[in-house]
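A short write-up of the structure that comes next.
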Amino acid sequence: MNELELIRLSATEMRRGLLAGEFSAVQLTKAHLAQIMSTNERFNHFITICEDVALNAANSADKIIAQKKQNSPALTGIPVAIKDMLVTEGIETTCASKMLKGFIPPYDCTAVAKLRSRGAVILGKTNLDEFAMGASNENSAFGPVRNPWDEERVSGGSSGGSAVSVALGSAPLALGTDTGGSIRQPAAFTGILGLRPTYGRVSRYGCVAFASSLDQIGAFARTIEDLALIMEAISGHDESDSTSMKVDVPNYVANLQASKDQGLKGLRVGVPKEYFISGTQSEVNEAVQAGLRILAKLGAELVDISLPNTELAVPVYYIINPAEASSNLARYDGVRYGHRTKSCGSLADMYKKTRQEGFGPEVKRRIMIGTYVLSAGYYDAYYLQAQKARTLIINDFKAAFANDCDIIATPTAPTTAFKIAEKCTSPLQMYLADIFTCPVNLAGLCGLSLPCGLDNNELPIGLQLIGAPFQESKLMCVAQELQRELAFDTSKRIRSRI
Amino acid sequence: MTQEIEAVIGLEVHAQLSTDSKIFATSSTVVGCPPNTLTDPLTLALPGSLPVLNKLAVEFAVKLGLATGCGIARESIFARKHYMYPDLPKGYQISQYEKPVCKSGHLEIRINGNLRTVGITRIHLEEDAGKNVHHANRPYSSVDLNRAGVALVEIVSEPDLRSPEEAGAYMRQIRQILRYLDISDGNMEEGSLRCDANVSVRAKGETKLGEKVEIKNLNSFKFVESALAYEIERQTALLREGKQARQETRLWDEAKGETRVMRTKEHAQDYRYFPDPDLLPLVIDNDWIEKIRATLPELPVAVYKRFLKMYRLDEYTAEVLTQERFVAQYYDQAVSAHNNPIGIANWISSELFGLLNKETISIEKCPVSPENLAALVQLIDSDVISGKIAKTVFAEMFSTSATPMSIVESRGLKQVSNPELIQKAIDEVIASNPEQVSEYRSGKTKLFGFFVGQLMKITQGKANPQLLNDLLKISLENKKD
């Protein structure tokens, strides 16, 4: 197989090929590295490419496969890309910020450690909005990530680099983080699958904290089997993260196999009227509606539901998120690691200049907002109010899942990928890009975005499936059935572009 | 006309808990290691690190809460307290704010022989900061994070204290309880125990509180007392001039013997407290509380009261014997082995403490077991040895841990109470000192001591002193006739 053929394979197919001896992990890794090298200048999806680390891991993988064959760990030799928000032992981790340029962590993020222990080959660290703050991947100290469907357009954010890696065939699998939609929205913009798991499903240990109560590590893939494969690897309780839950991880891959072609009889799909609004691009609405009709055709019952507090989600999100971010980013003081200003007089001066030089405008904006809403005298008016409103949003979802439906289906984003710089002048416009995804984060639920069509500019449209806590398996099974019936397979189109 | 003025004092006492690892991280808490050797990703605030609560620290806080009559919160919350400082690596301290682990307790202090109850508002858990090291003649400072993240409890009192002496007594009482519970070494020199004091003054009879001044970081009983005395005087003088003290934070300058302004109300910190999203609420169920309650030792005030009543000790001795839990236990054990509470108390407070201090050995490692000390006192009480011989025996017990009886026997120190043997010795001494005998008989009775000394020399101190005295007197006076 040539390099082009290799990178078009799904991770599941790669596994089969590796075990059958059709190609080696080293060949596979080299093919992906070549793809990264030849595309990165255009798409800017990688910040760090770790060739040596990857080839060493691939070498070990080949030995393990030779020894253990079928018994080798599930991801042995499979290349993955890691969002540069997750710390990687011995590999520079920047969060796309000048503040952390040159920072080499002495330890691995739990999710990364799990991937490594299952044999995965880490190719490098992908670009993102600085400290994951953004919905377009334009707020990176390393420049914007471009969308493979149209280079003039954004890739979505903040995990744009990871999404593009998978869309371009630079990696079959990638890890991202999702604080307000940062996996699902770029997945939708680049026409691939993205899953944000339930809060507490995947350990956040080693995920650089942005907004702790909203952050969650998740994954991108081009096929549903691949998504199940990587989710199975990274999920589960971790003693190092107090908020990670002690809930058994189902066998996602086996569940998918078992439910294949079973239809969706008995499944109640909630369609919340608050998510089908006039501001949404009409083609997005139409494609999602078409998706809903397929769900019905497959036997699902569509239930009209209401999540009445949905309109509170964006304002609430933009209070809680900066509040937590301002606190989490206080540690970047230039004392122990990362950037420190070259010239300063007093201690306070060092703090000020270090942070002034190290952080980009969006990060500063959120630190300012967060500091304000937490300060004495404003805490009650903003932060506390936001927490109360958050409870209303949580209760909306609880009631829906308790009474009306098993899952909820909505558009992933109100538009398809917009043009680079189009929304840069209006932070508020940009914040609305997360309007359909951030309620899931506020409520701690799981959400999956899958491609469901193209708009008139041939740009992919995402459909979001929302599940009750720890219902990832159900989301993946539904997505599998839906994908099979969709009028066109976007993943094939992507592959034809590579 | 001078009105009477009273001080109103509340203390915030910080105590380091003696857990082996830090409150939210795995690093050790040993004192005296090279800088920054007791660190881990959380202690260094490395990106991606997360706190995990130390269960033992919670247990210690609950223990203290139960010992001070506090209510234990079934659910308490950790909050972030923000301020920028190089030794505060995360940019915030994890502490408890709105929902502390213990609330509404009290403890008793003794002041001039009277017991007084002082209210405890709350006890909460938090992490310590690191330490900045400033070098002389160098243009930079260093940060040592070994102490960063060590578990602390903060004990906040009600404004119930009225004088520096009461504040000192309260703090000593806290230290004593911490040590009885074995949850903190309470070592003020090493900074394991320190306090902030809030003080205001008002006309006696007034119920409203005046503007309070906070004095930060007092790390000795003496500093607490002198800083408060200075501050009360300063504020009283202001009040007498018809002025009010400003609400501000002050520091105690030990060298100058005065407090000085650190910051005023206008420059108060805004800590921007909010619940730490990396930690779930701390849930403590009844079973756990009851399990901890079952491990509570008898507390110092109760032991003190019991010693007064049960052993009829005087207040001073009871105080001395209840200072440390191990001393009280030692005393209890010794008395239960031999029922002479006063005798044993005297032996502990004089001989035992004397040798322990001299050799700088703690009571926990005392080479003389309480049973052996009791046995020694019993030997005295039953006239087997004299009190004087006992001191020799005790010294040997201390160095060898042997039983007193084996020392007495192997060294032949048993007291001689046989009147014939003693009489024989008396006759000998009288025969060989005719001059002194006649002087005595002619009225120089002071010489009695000389004869005793001679006799003790001959009997190597083993003669029963009472018997010897009686017989000697008879012998000296009989011959007179």
Side-chain angles (χ1 to χ4, degrees), chain A residues 85-88 93 95 99-100 103 105-110 131 200 203-209 211-215 238-244 320 323-324 326-338 347-348 350-351 355 370-379 383-384 387, chain B residues 23-26 36 39-55 77-94 97-98 130 132 134 139-145 148 265 268-283:
Chain A
M85 189 76 168
L86 307 181
V87 300
T88 37
T93 300
C95 297
M99 191 59 96
L100 278 175
F103 171 64
Y107 71 109
D108 258 336
C109 169
T110 298
F131 283 105
S203 167
R204 287 186 298 117
Y205 188 73
C207 169
V208 177
S212 307
S213 76
L214 303 161
D215 294 343
D238 178 9
E239 293 289 341
S240 306
D241 174 3
S242 315
T243 61
S244 94
I320 290 173
E324 294 185 5
S326 71
S327 173
N328 284 329
L329 269 57
R331 66 187 56 203
Y332 306 105
D333 57 6
V335 174
R336 296 166 307 284
Y337 49 79
L347 177 65
M350 183 186 94
Y351 288 151
R355 290 166 71 82
T371 304
Y372 180 78
V373 299
L374 285 179
S375 48
Y378 298 100
Y379 179 90
Y383 183 79
L384 208 60
Q387 286 295 13
Chain B
I23 183 168
F24 298 113
T26 51
N36 296 310
T39 59
D40 53 81
L42 187 87
T43 302
L44 297 170
L46 291 187
S49 58
L50 290 172
V52 178
L53 180 59
N54 183 332
K55 197 175 170 187
I77 297 210
F78 287 98
R80 295 182 179 181
K81 179 183 180 181
H82 298 85
Y83 58 98
M84 292 287 274
Y85 212 59
D87 68 2
L88 189 76
K90 294 189 291 297
Y92 55 84
Q93 177 193 27
I94 305 178
Y97 183 55
E98 278 180 318
N132 292 328
H134 307 293
Y140 58 85
S141 296
S142 310
V143 181
D144 177 8
L145 296 178
K265 190 184 177 186
Q269 291 261 7
D270 183 354
Y271 291 118
R272 305 194 315 282
Y273 282 102
F274 81 105
D276 191 325
D278 287 332
L279 288 160
L280 299 177
L282 166 60
V283 177

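By convention in this document, chain letters (A, B, ...) are assigned in the order of the sequence lines, proteins followed by strands, and residues within each chain are numbered from 1.
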Handout entry: Portion of B:L42 that has a non-hydrogen atom of chain A nearer than 4.5 angstrom
Key = neither

Problem - Proximity of B:F274 and A:Y379 rings by center, below 6.0 Å - result: no

Fill in the blank from the handout: So, the part of A:C207 with a heavy atom under 4.5 Å from chain B: the answer is backbone

Handout entry: Contact class of B:V52 relative to chain A, heavy atoms under 4.5 angstrom
Key = both

Practice task
Sort B:Y271 into side chain, backbone, both or neither according to what part of it lies under 4.5 angstrom from a heavy atom of chain A.
Solution key: neither

Practice task
Over all heavy atoms of both residues, which pair between B:G48 and A:Y107 is shortest? Give the atoms and the distance, please.
Solution key: C-OH, 3.2 Å

Problem - Donor-acceptor contact present, side-chain A:Y337 to main-chain B:A45, <3.5 Å - result: yes

Exercise for the section: Consider only side-chain N and O atoms of B:N36 and A:R336, and report whether a donor and an acceptor are under 3.5 Å apart. Expected result: no

Practice task
First locate atom CZ of A:R204, then atom OG of B:S49, and finally report the distance between them rounded to the nearest 0.5 Å.
Solution key: 11.0 Å

Practice task
Can you tell which part of A:T93 gets under 4.5 Å to a heavy atom of chain B, answering side chain, backbone, both or neither?
Solution key: neither

Handout entry: Contacting region of B:D278 [heavy-atom separation from chain A under 4.5 Å]
Key = both

Practice task
Take B:R272 and A:S375, measure what side chain to side chain donor-acceptor pair (under 3.5 Å) needs, and give me the verdict at the end.
Solution key: CA-CA 5 Å; B:R272 305 194 315 282; A:S375 48; over 6 Å; no

Problem - Shortest non-hydrogen separation from B:L280 to A:S242 and the atoms involved - result: CD1-O, 3.3 Å

Fill in the blank from the handout: Taking every heavy atom of B:P275 against every heavy atom of A:Y383, the minimum-distance pair comes out as CD-CE2, 4.1 Å

Fill in the blank from the handout: Tightest non-hydrogen contact, residues B:P47 and A:V87, listed as O-CG1, 3.5 Å

Exercise for the section: Write down the atom of B:M84, the atom of A:R355, and the distance for their closest heavy-atom approach. Expected result: CE-CD, 4.1 Å

